Amino acid sequence: MPPLLQSLIATLALAAVPLLQAAPLNATLVVEADKPGPRIDPNIYGQFVEHLGRGVHEGIWVGEGSPIPNVRGIRSDVVAALKRIKVPVIRWPGGCFAELYHWRDGIGPRDQRPRGVNAAWGDEPETNGFGSHEFMDLLEQIGAKAFLSVNLASGSTAEAQTWLHYLTDPATSGAGAERARNGHAAPYAVPYIGIGNENWGCGGNMTADYYADQYRQYLSVLRPFGTLIATDANADDYAWTETLLKRALYRHSRSTPLAWINKQPQLAMMSLHFYTFAGDDWDTKSPAVGFNETEWARSLLRTQKMDELITRHTAIMDRYDPARQVGLAVSEWGTWWSADPKRPSNLYQANTLRDAVIAGLTLNIFQDHADRVRMANLAQMANVLQALILTRGAQMIVTPTYHVFDLYQGHQGAKRVPVSVSAPGYRVDDVDLPSLSVSASLGEGGRLTLSIVNLRANDDIRIGIDLRGVAARTAQGRTVTAAAMDAHPDFDTPDALHPRPLAGLALQPQRLEVTVPAKSVNVIEINP
Ligand code: AHR
């Protein structure tokens, strides 16, 4: 071929590349709104707060004398932000911190509370200024429910029992009178009680058999107080779940210790902990910002493992509890990026578009397992790991993860409906992912909520949606997206990644067409 012609062809080919890239990929969805399934428990949008870094001190608690606007020492900007997204439940005081926590250190006049160090997290000073009353006040200000984690590693059944008496007894009892003297006559509600934290690790380094027996002992003391949640299986430790259910799910006969004598479950939920980083190695996690597409893809692949974990733990639960009376509480989940070398134990990290996509993917997985997953708690609410809220002194910003929780509010309490997805796959190096994650629910008045995550870093996707069982009249969508994978808000640019309207929705009564941008979380609300 003559050189001139060759170079002309090459130039034309190069010019065509952007055109080809610009054309969106195509996908189709079938949403079966005529087949509503289980209710999506609002508690799956729950939060986790631990005394760790600035998670409590500064992130929530500034004290009554602070120049930062507060109500009884709890910062008002944080409360307003959390109320807006209807945070349903908060787990406290940890985490590993809970396994070293003694509740008496955190009651009574604040200037007389013992000052200590947080031995679970870098020996940082712990003032005990934020204790049980302050936690309950936070919940009241937000309108959320309490999930207390009791201490097995350095505590006792007696300590846990007196804590629950102190919080929940009437003021006419001795324990209730002490609470009243400390400023709160009315009993508090403690609907959820976690029996320990990671008892295979920081919570006492126990074997599954030993923990199951501990659970039975705590159960006999704490049963009257609330819904009991057994401690967390470590990710894919299926043997833990098997042993726990075998030894502790039902009451056993006196003569044959492991023969069940009835089929009333003795635990309302068992929990699971799982964190996301790029790959599966805790020692090479990926930085929070400044990562490449391979790390992006490896992080999303790891996130997707949540689906496998829930499916496999559920399969074990199904053998012991086929009626599905027992729920799964994913009481710690979220991203865990490389630590700040200057202060490794504070677990503060930037929150980027990647965190938003991971939040959307994970919430879609929880929703799709609504028949078992009855609670989940993002780690952690403020200033720690995949936080909703970041603070710098008096300044506060909400993160891309917060925006996803905001967008997903329409799913709270709605009924999950089946969706089938037909879309091309997404391959990055040796990582194979789907391009889309989709979840749908039917709420009050026939409102259909669709959450669609586009995992692809570089491609928009044009989606044709077949809407079965609805006569749609209106559709509105919002999207969280940006040009860069690691785009993130900062204290000087707080609105980066604020949700924007999703443009170009074409609606007919039983069909919707939409283009979802590359690397985005989208929620569309369709009303009859
Ligand atoms: O969320 C941080 C820590 O992660 C918690 O304290 C612990 O339970 C888990 O290992």
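These values consider heavy atoms only, across backbone and side chains, with no hydrogens, waters or symmetry-generated copies. Each ligand, and each atom within it, is numbered from 1 in the order the structure gives. Predicted model only: the values in this text are computed from it and were never measured. Count residues from 1 along the sequence.
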Asker: Within the 4.0 Å heavy-atom shell around Gln380, which atoms of ligand 1 are there?
Answerer: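 With Gln380 as reference, the close atoms of ligand 1 come out as 1 (O), 2 (C).
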Asker: Which ligand 1 atoms are under 4.0 Å away from a heavy-atom of Asn197?
Answerer: 8 (O)
Asker: Examine the proximity of ligand 1 to Val384 and report which part, side chain or backbone, both or neither, has a heavy atom under 4.0 Å away.
Answerer: neither
Asker: If you count the atoms of ligand 1 from 1 in the order shown, which ones are under 4.0 Å from a heavy atom of Glu50?
Answerer: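 This gives 1 (O), 2 (C), 5 (C), 6 (O) as the contact atoms.
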Asker: At a 4.0 Å threshold, what atoms of ligand 1 neighbour a non-hydrogen atom of Glu198?
Answerer: 7 (C), 8 (O), 9 (C), 10 (O)
Asker: Would you tell me whether Asp77 and Gln395 have side-chain atoms, one donor and one acceptor, within less than 3.5 Å of each other?
Answerer: no
Asker: Answer yes if the side chains of Asn377 and Ser331 hold a donor-acceptor pair under 3.5 Å, and no otherwise.
Answerer: no
Asker: Judging by distance only, is a nitrogen or oxygen of Cys96 under 3.5 angstrom from one on ligand 1?
Answerer: yes
Asker: Answer with yes or no after comparing the ring centroid distance for His133 and Tyr166 against a 6.0 Å cut-off, counting only values under it.
Answerer: yes
Asker: State whether a side-chain donor-acceptor pair under 3.5 Å links Asp209 with Thr207.
Answerer: no
Asker: So which protein heavy atom does atom 1 (O) of ligand 1 come closest to, and at what separation?
Answerer: Tyr275 OH, 2.8 Å
Asker: Numbering the atoms of ligand 1 from 1, which are under 4.0 Å from a heavy atom of Gly95?
Answerer: 5 (C), 6 (O), 8 (O)
Asker: Does the side chain of His411 pick up a donor-acceptor pair with the side chain of Ser451 at under 3.5 Å?
Answerer: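 Distance-only check passes for His411 and Ser451.
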Asker: With a 4.0 Å cut-off on heavy atoms, is Trp121 in contact with ligand 1?
Answerer: yes
Asker: I'd like to check whether His273 has a polar contact with ligand 1, where a contact means an N/O of the residue lying under 3.5 Å from an N/O of the ligand.
Answerer: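 The answer is no, given that His273 and ligand 1 share no N or O pair closer than 3.5 Å.
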Asker: Strictly by modelled atom types, are Thr493 and Asp490 linked by a side-chain donor-acceptor pair under 3.5 Å?
Answerer: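 The criterion, which ignores hydrogens and geometry beyond distance, is not satisfied for Asp490 and Thr493.
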Asker: Under 4.0 Å, heavy atoms only, figure out whether ligand 1 is touched by the backbone of Trp333, its side chain, both or neither.
Answerer: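 Neither; no heavy atom under 4.0 Å.
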Asker: Give the atoms of ligand 1, by number and element, whose distance to some non-hydrogen atom of Phe48 is under 4.0 Å.
Answerer: 1 (O)
Asker: Tell me which one of Glu99, Glu332, Arg91, His51 gets a heavy atom nearest to atom 4 (O) of ligand 1.
Answerer: Glu332
Asker: Picking from Trp163, Trp92, Trp103, what satisfies side-chain hydrogen bond (donor to acceptor under 3.5 Å, both in side chains) with Ser132?
Answerer: Trp163
Asker: Side chains of Arg298 and Ser286 only: does a donor on one sit below 3.5 Å from an acceptor on the other?
Answerer: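 Distance-only check fails for Arg298 and Ser286.
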Asker: May I ask you to check whether Tyr275 and Gln386 show a side-chain donor-acceptor distance below 3.5 Å?
Answerer: no
